[in-house]
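See below for the structure under consideration.
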Amino acid sequence: MLDKVKELIGEVDAFQSSNVEEIEAFRIKFLGKKGILTDLFAEFKNVAEDERKEFGLYINTLKNAAQEKVTFLKEVIENAKGFKTKYGDLTRPAEPIELGNRHPISLVKNQIVDIFSRIGFTVSEGPEMEDDWHNFTGLNLPEHHPARDMQDTFFLQKNPDMLLRTHTSSVQMRYMESHQPPIRTVSPGRVFRNEDISARSHCIFHQVEGLYIDTDVSFADLKQTLLYFTKEMFGKSKIRLRPSYFPFTEPSAEVDIYWGLETEVDYKITKGTGWLEIMGCGMVDPNVLKNVNIDPTKYSGFAFGMGIERIAMLLYQIPDIRMFYENDVRFLEQFKSVR
Ligand code: PHE
């Protein structure tokens, strides 16, 4: 008899449930009017006198254990209900943390800067609000020079001598003022031009310009540097330089890379030629060097400049420049896996 009670105590201890009906069934089974405990108490009178004390002790233990179990399990359910309304289900796994990602302009800028830093270029930055000297005059573009029209300019209303830089060549001017050759620097940054906004051009965009000044720098050095860049950046090893004009370089050239004509998109973006223009470049004009007190009889150098949006559009086949500035997460999320 005693063993039976001990067994029942074990059963009560082991019972677990978070289901209200199951708990109720358990309660009725042990503590109900026709339950196990009622039977056991009825049994009491049949127990031999010398065993009664011990038997009584055990059925009391059993009764308490069953009662405590029922109260405890009910409480657990009640508490969980409380959490649900106040904080949500606290046992639920946490929300996954969304990983952020960089903007495609930053990705491409970092890539360009990385490539040049591997061959010894430092990074230089300057103000977006510039004076006329650093953006134009010092770069061999005196007032009324017709080439100023190549870059329609936003002037500041309060101070018409100040403007929003139209290129990061202004940073190179500042860098040359404060550094003596050898100079190797790239200047990434935001630039502004008073142009109509369309799928292909915007009034705000980004550039990386580069400057290299030392003794005996030749056009061949420029070409080799650009070739290295296009190989690293695009995996393309065919470039051509077309004669061009920039006031701050002489001679000047536009750089085209051979993109190929494999897909329909290739035909579209290269207008059926296979060639794509990616940047301007040239040998720094001696007048510019004079303007920053670098002796042009001793030093020579080259400069180049490219638009980051244009390169990003080529690399990721982005059809409209405005997508960069709309911050549509469906667009931005596509660059998650890009490092
Ligand atoms: N500054 C020129 C532009 O913005 C690009 C350039 C830089 C061209 C250096 C030649 C040399 O269009």
Side-chain angles (χ1 to χ4, degrees), residues 1-111 113-114 206 308 312 315-320 322-339:
M1 201 62 197
L2 211 53
D3 285 345
K4 175 93 191 302
V5 179
K6 282 180 186 168
E7 212 176 277
L8 287 168
I9 292 174
E11 192 186 322
V12 168
D13 281 343
F15 180 71
Q16 281 301 341
S17 174
S18 56
N19 179 306
V20 188
E21 279 115 52
E22 264 175 43
I23 297 169
E24 183 56 12
F26 171 84
R27 190 190 66 77
I28 291 167
K29 178 176 166 194
F30 282 91
L31 304 161
K33 260 190 199 148
K34 293 177 186 163
I36 293 174
L37 275 149
T38 312
D39 288 350
L40 285 174
F41 281 116
E43 204 81 34
F44 201 64
K45 57 180 184 301
N46 302 333
V47 176
E49 206 147 323
D50 56 340
E51 283 176 14
R52 274 196 188 161
K53 199 177 164 195
E54 203 181 359
F55 185 73
L57 221 60
Y58 274 100
I59 37 178
N60 268 326
T61 307
L62 176 64
K63 190 182 166 196
N64 291 339
Q67 265 164 356
E68 273 165 25
K69 191 63 150 206
V70 170
T71 318
F72 171 75
L73 291 177
K74 279 187 178 165
E75 232 169 61
V76 169
I77 290 176
E78 278 309 303
N79 284 347
K81 263 192 209 155
F83 286 147
K84 249 181 209 152
T85 50
K86 207 164 164 195
Y87 304 112
D89 178 2
L90 291 185
T91 61
R92 194 185 55 192
E95 293 280 336
I97 297 168
E98 283 280 328
L99 275 189
N101 58 292
R102 290 189 198 283
H103 191 279
I105 296 293
S106 300
L107 291 169
V108 173
K109 183 200 80 182
N110 292 346
Q111 220 176 325
V113 167
D114 271 359
H206 298 77
I308 301 179
L315 278 178
Y316 302 125
Q317 310 272 302
I318 296 163
D320 193 319
R322 289 169 289 199
M323 295 172 108
F324 290 118
Y325 316 113
E326 283 163 355
N327 283 332
D328 184 330
V329 285
R330 290 168 302 179
F331 170 70
L332 297 176
E333 274 180 349
Q334 294 178 40
F335 299 91
K336 254 194 183 144
S337 59
V338 188
R339 284 280 146 253

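Quick note: residue numbers are just sequence positions, from 1. These numbers come from the heavy atoms of this one structure, side chains and all, not from hydrogens, waters or symmetry mates.
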Q) What distance do D114 atom CG and K109 atom NZ have between them, rounded to the nearest 0.5 Å? A) 10.5 Å
Q) Do other residues, nucleotides or ligands put more than 12 heavy atoms under 6.0 Å from the NZ atom of K6? A) yes
Q | Minimum heavy-atom distance I308-V108, with the two atoms named | A | CG2-CG1, 3.8 Å
Q.
For H206 versus Y325, what's the shortest heavy-atom pair and its separation?
A. CE1-CE2, 4.5 Å
Q: Considering non-hydrogen atoms only, spot the tightest contact between P104 and L332 and give its length.
A: CD-CD2, 3.9 Å
Distance-only criterion, 3.5 Å: show the donor-acceptor pairs between side-chain atoms of residues 30-48 and protein atoms not counting sequence neighbours.
residue: T38; atom: OG1; partner: G32; partner atom: O; Å: 3.1
residue: T38; atom: OG1; partner: K33; partner atom: O; Å: 2.9
residue: K45; atom: NZ; partner: A42; partner atom: O; Å: 3.3

Q: Return the set of residues passing side-chain contact (heavy atoms from CB on, under 4.5 Å) with D328 (not counting sequence neighbours), or none when no residue passes.
A: R330, F331
Q.
Just verifying a value: how many Å separate L62 CG and D13 CG, rounded to the nearest 0.5 Å?
A. 9.5 Å
Q: Only pairs at least two apart or in different chains count here, so list each salt bridge (charged side-chain N to carboxylate O under 4.0 Å, His left out) that has a residue in residues 48-61.
A: none
(Q) Among residues at least two apart in sequence or on other chains, which ones pass side-chain hydrogen bond (donor to acceptor under 3.5 Å, both in side chains) with K29? (A) E11
**Q.** Nearest atoms (heavy-atom pairs only) where F324 meets H103
**A.** O-NE2, 2.8 Å
Would you be so kind as to tabulate the donor-acceptor pairs closer than 3.5 Å made by side chains of residues 14-26, with sequence neighbours excluded?
residue: S17; atom: OG; partner: N19; partner atom: N; Å: 3.0
residue: S17; atom: OG; partner: E22; partner atom: OE1; Å: 2.8
residue: N19; atom: OD1; partner: E21; partner atom: N; Å: 2.9
residue: N19; atom: OD1; partner: E22; partner atom: N; Å: 3.2
residue: E24; atom: OE1; partner: R27; partner atom: NE; Å: 3.2
residue: E24; atom: OE2; partner: R27; partner atom: NE; Å: 3.4
residue: E24; atom: OE2; partner: R27; partner atom: NH2; Å: 2.9

Q: Please identify each residue that fulfils side-chain hydrogen bond (donor to acceptor under 3.5 Å, both in side chains) with D320, with sequence neighbours left out.
A: R322
Q) Can you name the residues that form a side-chain contact (heavy atoms from CB on, under 4.5 Å) with L57, not counting sequence neighbours? A) none
